[in-house]
Amino acid sequence: MVVPIHATNTPKQAEYILDEADIGIAFVGGQEQYDRIRAIRGGAHGLRRIIVFDRAVDLFGEKNAVYFADFLEEGRKSG
């Protein structure tokens, strides 16, 4: 299921969306989107991974965040 979170959503609204839709993986584009999801991740109980499209994004050493290309490589290796 694809569930959009809009730039106009407050962190509390985004957290509600993630929880209600039981989202396990969030795909984000750039630093601002990543920072917003990262900030609410503690409250989003089902969120297990954050996949980031832009390699310029600082992941701050988060073990559950990965760049999209690396995510694809994980899939290739597991198959």
Side-chain angles (χ1 to χ4, degrees):
M1 170 184 343
V2 176
V3 179
I5 297 174
H6 301 283
T8 56
N9 289 123
T10 67
K12 201 69 172 157
Q13 289 169 330
E15 182 180 331
Y16 177 81
I17 292 166
L18 291 171
D19 278 342
E20 286 300 305
D22 197 25
I23 301 300
I25 300 175
F27 289 84
V28 301
Q31 191 71 53
E32 185 177 348
Q33 289 178 334
Y34 175 71
D35 291 345
R36 292 179 101 188
I37 291 295
R38 184 173 170 258
I40 64 170
R41 193 178 79 202
H45 301 93
L47 187 59
R48 298 179 313 276
R49 299 287 304 266
I50 303 172
I51 313 302
V52 183
F53 290 110
D54 184 351
R55 276 216 177 264
V57 170
D58 184 349
L59 301 181
F60 300 105
E62 290 283 338
K63 65 180 181 173
N64 294 328
V66 64
Y67 296 111
F68 183 68
D70 298 332
F71 178 67
L72 292 177
E73 186 61 28
E74 288 176 9
R76 281 188 208 87
K77 288 180 180 178
S78 71

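Note that these values count all heavy atoms, side chains included, but never hydrogens, waters or copies made by symmetry.
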Rounded to the nearest 0.5 Å, what's the gap from CG on Asn64 to CD1 on Ile51? Could you check? 9.5 Å

State the CG-CG distance between Leu47 and Asp22, to the nearest 0.5 angstrom. 10.0 Å

Leu59 CG to Arg38 CZ distance, which is reported to the nearest 0.5 Å: 9.0 Å

How many angstroms lie between CG in Asp54 and CD in Gln31, if you round to the nearest 0.5 Å? 8.5 Å

Flag side-chain contact, heavy atom, 4.5 Å: Ile5 against Ile23: no

Measure the shortest side-chain to side-chain distance between Arg36 and Gln33 over non-hydrogen atoms and say whether it is less than 4.5 angstrom. no

Taking all non-hydrogen atoms of both residues, which atom of Ala21 and which atom of Val3 are closest, and how far apart? CB-CG2, 3.8 Å

Are the side chains of Asp70 and Arg55 in contact, using a 4.5 Å heavy-atom criterion? yes

Close side-chain approach of Glu74 and Val66, heavy atoms under 4.5 Å: yes

Under 30°, 30 to 60°, or over 60°: which ring-plane class applies to Phe53 and Phe68, parallel, tilted or perpendicular? tilted

Might you confirm whether atom OH of Tyr16 has over 12 heavy atoms from other residues, nucleotides or ligands at distances under 6.0 Å? no

Same hydrophobic cluster for Met1 and Leu18, using side-chain heavy-atom links shorter than 4.5 Å among ILVMFWY? yes

Indicate yes or no for a side-chain donor-acceptor contact from Tyr34 to the backbone of Asp58 under 3.5 Å, with no hydrogens or angles considered. no

Can you confirm whether Glu32 is buried at CD, in the sense that more than 12 heavy atoms of other residues, nucleotides or ligands lie under 6.0 Å from that atom? no

Between Ile37 and Ala26 the two heavy atoms that sit nearest each other are CG2-CB, 4.3 Å

